Asker: 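Can you read through this structure? Questions will come right after.
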Amino acid sequence: MGGHAEEGKGSVSRRGFLKSAGVAAAATSLIDDAKKAMEPVGPAPAAAVRGETEIRFKLNGKETVAKVPPSMTLLELLRERLDMTGTKQVCDRGACGACTVHLDGRTVNSCLLLAMDATGRDVTTVEGLAVGDRLHPVQQGFVEEDAMQCGFCTPGMVMSCAALLAKNPAPTRAECAEGISGNICRCGTYLNIFRAMDRASALAKGGK
Amino acid sequence: MKDFTYVLPKDAAEAARAAAAPNCALKGAGTDLVDRMKEGVTRPDTVVNLLTATDLRSPIREENGRIVMGGATTLAEVAESALIRKVAPGFADAAAEAATPQIRNRGTVAGNLCQRPRCWYFRNDTYACSKKGGETCYSIEGENKYHAIFENVTCNIVHPSNLAPILQVLGGTLHVVTANGTDVVASDVAVKDFWVRPEEDISRENILVAGQVVREVSFPIPQGMTGSSYVETREKASFDWALTSCAAALTLDGGKIASASVVLSSVAPTPLQLEAVEKWLVGKAPSDALFREAGTKATDGATPMRDNAYKITLTAVVVRRALSAAAARATGGGK
């Protein structure tokens, strides 16, 4: 895992941004058209966008600029445009939790979140948990307790566990179950995940 | 997903005006809408993002004897609110029981009330079911394990909202804004009057029409020795829609039930107010036997289909449990 965002990879590069400025101008005229079409007489209509639109948000602590159509989900933006493939796509309907990321510190399904709704927000993905080479306590706990089999649910599972640990430094087994109740592991590694959480809790408190 | 014009209103008035556009969808968190758009069941040309409307984000607060909150208050905010937990724990329970932590962190109160039903024929765009303008309700002859056991006549959906029955029990109100040309007027709708039965209009589940937005939701703070509760049964311990659900509020006076409000959900196209059960409860002393009998009475008139008769038993169970929990809370000091 480790650091994610090399220049021009984790976020839109300066060069890519300049290249897209022309598209932005075209998009602006589309917006004007959309506004005109909706415009009755009287108060100004609400702001509206259509087509590729620039958004800015913080991704793993780094200011990020991207262009997205309104129909693009945050998951698609992360995986397909920002090359951040740690976040997994499985059901793509909010029914499995594999795509879980943090939005302002709270877990969300990135498959159901329109990327535009991340505007101005803090997004943390599994790539953003480790500090340099030092794994997040939850990641360390998962490694030590072998809390995965095929590993496909793991990034989402880790994000749910990390959010729980931030809120509750010593969760009970029941609280852990509730904390990961939005994540499904088809390999059935739940018991190992609970042990990993116990370990993570101890590590976060400075235990050995 | 088909592309669309995304409207970012600054308040409910702007949202309501924009929502008058043809083929327009209102979006809170989008946890339901984005799902339907990916499935191709809903294909809007315009989507109005209610999350940018600041007055829909008004905080949970006490105001003139009522609890008031913006329509875009999240389920997690409701579940975590000390104020709601204190005055109406049943409402906090209903929010906490819904879906998953991820969905509760995004899903909104108004969105929960207005989400579309989970019927698998409705959710599958290859079935031109009667709700989608076709001529057949496929659940009548088809797979109907999760469908209605009451009022299942023309369309057998069950109402999917956790908050609907408890908000109705608490006598809740939806504060709606309506765009009339460029004018925007505010009006209040009682939650009990919000629902539309399939026989009235099969295409929708509530009275909202184009150009209307739920700005805020409120309910009066329960008075006296009142307890409220919300109980549901599910196939899975979490991360599932209810098979049956019941919200109840009981007010006790001198050891007797002075007033009762009981609403069933997940068993009919709309939340069902159990008026006969409520009348029968009033004047009686709360007991396990009484609530067990109330549970049985609640199943009167059920018309189960091939695969869902089990819901009759589970209806009796949720009614008994909800009444017991409400009574315990009422005697525990009034909540």
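Convention: sequence-line order gives letters A, B, ...; per-chain numbering from 1. Side chains included, hydrogens not; waters and symmetry mates left out as well; all remaining heavy atoms used. What you see is a predicted model; the values in this text were computed from it and never measured.
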Asker: Against chain A, label B:D3 side chain, backbone, both or neither, depending on which of its atoms sit under 4.5 Å from a heavy atom there.
Answerer: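 Both backbone and side chain of B:D3 come within 4.5 Å of chain A.
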Asker: Do you know which of A:C111, A:G97, A:A177 has the most heavy-atom pairs with chain B at a distance under 4.5 angstrom?
Answerer: A:C111
Asker: Would the distance check show the side chain of A:S71 and the main-chain N or O of B:K2 forming a donor-acceptor pair, the cut-off being under 3.5 Å?
Answerer: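 No, the answer is negative, given that no donor and acceptor are paired below the 3.5 Å cut-off.
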Asker: Answer yes or no: is there an ion pair linking B:E143 with B:K145, defined by an N-O contact shorter than 4.0 Å?
Answerer: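 Here B:E143 does not pair with B:K145 in a salt bridge, since their nearest N and O are not under 4.0 Å apart.
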Asker: Tell me, side chain or backbone of A:T119 under 4.5 Å from chain B's heavy atoms, or both, or neither?
Answerer: neither
Asker: Measuring heavy-atom distances to chain A, does B:D45 have an atom under 4.5 Å in its side chain, in its backbone, in both, or in neither?
Answerer: backbone
Asker: Testing the 3.5 Å rule here: is there a donor-acceptor pair between the side chains of A:T100 and A:T107?
Answerer: no
Asker: For B:A29, is it the side chain, the backbone, both or neither that has a heavy atom under 4.5 Å from a heavy atom of chain A?
Answerer: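 When you check distances to chain A, only backbone atoms of B:A29 fall under 4.5 Å.
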Asker: Given heavy-atom pairs under 4.5 angstrom as the criterion, report whether the side chain, backbone, both or neither of A:C99 touches chain B.
Answerer: neither
Asker: Under 3.5 Å, is there a donor on one side chain and an acceptor on the other for A:D146 and A:N192?
Answerer: no
Asker: Does the gap between the ring centers of B:Y127 and B:W120 come in under 6.0 Å?
Answerer: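 No: the rings miss the under 6.0 Å criterion.
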Asker: If we ignore angles and hydrogens, is there a donor and acceptor under 3.5 Å between the side chains of B:T5 and B:T46?
Answerer: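 On atom types as modelled, these side chains do not qualify, holding no pair under 3.5 Å.
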Asker: Charged N to carboxylate O under 4.0 angstrom, A:K167 versus A:E175?
Answerer: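 No, this pair does not count.
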Asker: Side chain, backbone, both or neither: which part of A:I180 has an atom under 4.5 Å from a heavy atom of chain B?
Answerer: neither
Asker: Is it true that B:E232 and B:S266 share a donor-acceptor pair across their side chains at a distance under 3.5 Å?
Answerer: no
Asker: Please tell me whether B:S229 and B:D93 have a donor and an acceptor in their side chains that are separated by less than 3.5 angstrom.
Answerer: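 Looking only at side-chain atoms, B:D93 and B:S229 do not form any donor-acceptor pair under 3.5 Å.
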Asker: Is there a donor-acceptor contact under 3.5 Å from the side chain of B:R17 to the main chain of A:P45?
Answerer: no
Asker: Between chain A and each of B:E14, B:M1, B:K38, count heavy-atom pairs under 4.5 Å; write down the option with the most.
Answerer: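 The candidate making the most pairs under 4.5 Å is B:K38.
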Asker: Any salt bridge linking A:E52 with A:R81? Criterion: basic side-chain nitrogen under 4.0 Å from a carboxylate oxygen.
Answerer: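 Salt bridge between A:E52 and A:R81, a charged N being under 4.0 Å from a carboxylate O: yes.
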Asker: What part of A:M116 gets within 4.5 angstrom of chain B, counting heavy atoms only: side chain, backbone, both, or neither?
Answerer: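 For A:M116, the contact with chain B is made by the side chain alone.
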Asker: Quick one: which residues of residues 97-118 of chain B reach chain A at under 4.5 angstrom, heavy atoms only?
Answerer: B:T100, B:P101, B:Q102, B:I103, B:R104, B:N105, B:R106
Asker: Output the option from A:D117, A:D92, A:T73, A:N183 having the highest count of non-hydrogen pairs under 4.5 Å with chain B.
Answerer: A:D117
Asker: Check each atom of B:L8 against the heavy atoms of chain A and say whether the ones under 4.5 Å are side chain, backbone, both or neither.
Answerer: both
